[in-house]
Amino acid sequence: MPFVAAGHARPYGPPVKEAHEHRVPMRLSRYFLPVLKEVPAEAEIVSHQLMLRAGMVQQLQAGIYNWLPLGWNVLQKVEQIVREEQNRAGAIEILMPTIQPASLWRESGRYDAYGKEMLRIKDRGEREMLYGPTNEENVTDIFRKHVRSYRQLPLNLYHIQWKFRDEVRPRFGVMRGREFLMKDAYSFDLDVEAGAAAFDRMFVAYLKTFKRMGLTAIPMRAETGPIGGDMSYEFQILAQTGESAVYFDQAFEEIDFSADDLDVAQLKKLYAAADELHDPAACPVPPERLRSGRGIEVGHIFFFGTKYSAAMGATVLGPDGKEVPVEMGSYGIGVSRLVGALIEANHDEKGIVWPESVAPFRVGLINLRADDELCRGVADDLYAKLEAAKVEVLYDDREERAGAKFATMDLIGLPWQVTVGPRGAKAGTVELKSRRTGAVEELSVDALLARFAA
RNA sequence: CGGGGCGUAGCUCAGCUUGGUAGAGCGCUUGCUUCGGGAGCAAGAGGCCGGAGGUUCAAAUCCUCUCGCCCCGACCA
């Protein structure tokens, strides 16, 4: 750790390899889970309230959060799904720093264009720097220093890194923080056609990524904003509490986004628009097929051609021996925002309801009677066996009353609750409850283990 | 960046109008009793009332400045 702390290279996260492994199971009595019974006054929307109440995050400043163990755990799960789908789509992971030199941004002309959203700082030598709000210049610099030939294309480099945008008004907890974790990928291609193909690969990767998290993401044509360019889609996930109204063709509900043969051209033809771009009079979708809802933007992809490569001299020699600027695109996913968005889409009046793929623990084991020898014996034994079976489990072994334990488990939203109580302990059974459906079944310890060991 | 609101115990808040030695509930500690959906009783710990100036015999309370946070709008992964 000292090595990591000494630089700004990678302020978070385990190496990729470890993230595949199961997490260390935890006894709640030894964990750090500062849950709150009451709703902190600062939180307005439900995901923010629940993240604070479940002890996932803690605000340090406006729009800047500490990630506590439970939240950090989820953040890493989300990050890992994003990473795996980027890798699968052929993107290659790198890591660029959070701090960038102003000189790079002067080359693209964005140092002046970006405005107050960009946090500007100076080092001891009065050198102008900035905390990166995005990394087009940085990655283009990497490219131009190392790539000379079209034979090295296509190339897609991505990283998952903290960014800072000095929002005038941060809000909604981690959904719109100033500091946020983002995956951004950058594609480099010889010509527009190849660039468009790279764009489509990311388009599909995004749909799969969100699908794996149990989210329905609707791709919508979008404005390009300060990134620039002429082809842009944003991905909105549906949640009752979404920021903006969205309208889309019912066909999106019928598509299996996890399929391997998604037809991007077809998908792009389907109608979907946020309210500001939706004109009911001009909408091509007949009313009976038009769906509406509220959306949270969790991803945004751009194809902007030679905007940066031309300005910064990122060129390659083509097969004809001519030097041309590369065609580029950039592809963002708001990783930390997704944690909030996931809760917006998955909660009830009692708390969070995690999809299994991103749950901080798969199983919450509750010993109802910590003072009862029989119960404790059964629960300790089950905990050890779940651990041996590499099931991610949080074991509530605290000396609390039943109600408090159930309330805590419901709040933090682990998909499965396993309850050991005096009644079942005598009969050799435990209770298994689905957090999502509430369905309860009674079964033997062996049957339970068989259910989760896989 | 315009408009509004709020800073008092770890959390939610009362007290401020009308200045007079700082409160409640939850949480925390200890003991006893409880024990299948956020237990009861008892005894405790815990606050420079965001900060700095000022007015006053006296300021959480009145005045000025400042810092922070939240909400609405405009803007955004």
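Throughout, protein chains are lettered first and strands after them, A, B, ... in sequence-line order, and every chain is numbered starting at 1. These values consider heavy atoms only, across backbone and side chains, with no hydrogens, waters or symmetry-generated copies.
Within the structure, the ring pair (Phe, Tyr, Trp, His ring centres under 6.0 Å) test picks out the following pairs touching residues 75-107 of chain A (sequence neighbours left out): A:W105-A:Y114.
Residues passing the side-chain hydrogen bond (donor to acceptor under 3.5 Å, both in side chains) test with A:K405, sequence neighbours excluded: none.
Remark: the A:Q86 side chain and the A:E84 side chain contain no N/O donor-acceptor pair separated by less than 3.5 Å. Between the side chains of A:E136 and A:T134, at least one donor N or O sits under 3.5 Å from an acceptor N or O. When only modelled atom types and interatomic distance are considered, A:N156 and A:Y158 share no side-chain donor-acceptor pair under 3.5 Å.
In this structure, A:Q59 and A:V298 both approach RNA chain B, and ranking their closest nucleotides by distance from the 5' end singles out A:Q59. Ranked by how close their nearest RNA chain B nucleotide is to the 5' end, A:S336 and A:A404 are led by A:A404.
Residue A:Q61 places no side-chain atom within donor-acceptor reach of the base of B:G68, judged by atom type and a 3.5 Å distance cut-off alone. A donor-acceptor contact under 3.5 Å links the side chain of A:K433 to the base of B:G37. The base of B:G38 lies close enough to the side chain of A:R53 for a donor and an acceptor atom to sit less than 3.5 Å apart. For B:C75, the base has a donor-acceptor partner in the side chain of A:R176 [N/O atoms by modelled type, under 3.5 angstrom]. Side chain A:D372 to base B:C35: no donor-acceptor pair is found below 3.5 Å. One donor-acceptor pair, N or O on each side, does fall under 3.5 Å between the base of B:G38 and the side chain of A:T408.
Within 4.0 Å of A:K116, counting heavy atoms only, lie sugar-phosphate atoms of the nucleic acid but no base atom. Backbone-only contact: A:E44 has heavy atoms under 4.0 Å from sugar-phosphate atoms and none from a base.
Distance check on atom P: B:A45 versus B:G73 gives 47 Å, rounded to whole Å. On the P atoms, B:G15 is 29 Å away from B:C57, given to the nearest whole Å. Distance noted for atom C1' between B:G46 and B:C26: 14 Å (whole Å).
Here B:G68 sits opposite B:C6 as a Watson-Crick or G-U wobble pair (both hydrogen-bonding atom distances under 3.5 Å). With a cut-off of 3.5 Å on both pairing distances, the Watson-Crick or G-U wobble partner of B:C11 is B:G25. Pairing for B:G31 goes to B:C41, judged as Watson-Crick or G-U wobble with the two contacts each under 3.5 Å. Figure legend. B:C57 is base-paired to B:G20; pairs are counted as Watson-Crick or G-U wobble with both atom distances under 3.5 Å. In this structure, B:C1 forms a base pair with B:G73, meeting either the Watson-Crick or the G-U wobble geometry with both donor-acceptor distances under 3.5 Å.
A:Y31 and A:F361 have perpendicular rings, their planes meeting at more than 60° on a 0 to 90° scale where under 30° would count as parallel.
Ring-base stacking between A:F406 and B:G36 is not satisfied when judged by a centre separation under 5.5 Å and a plane angle under 30°.
For A:R110 and A:Y308, the positive end is not near the middle of the six-membered ring at less than 6.0 Å and at most 45° from its axis.
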For every nucleotide of nucleotides 5-14 of chain B, 5' to 3': is a protein heavy atom under 4.0 Å from its base (B), only from its sugar-phosphate (S), or from neither (-)? ------BSS-

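Of the possible donor and acceptor atoms, one in the side chain of A:S434 sits under 3.5 Å from a partner among the backbone N and O of A:T437.
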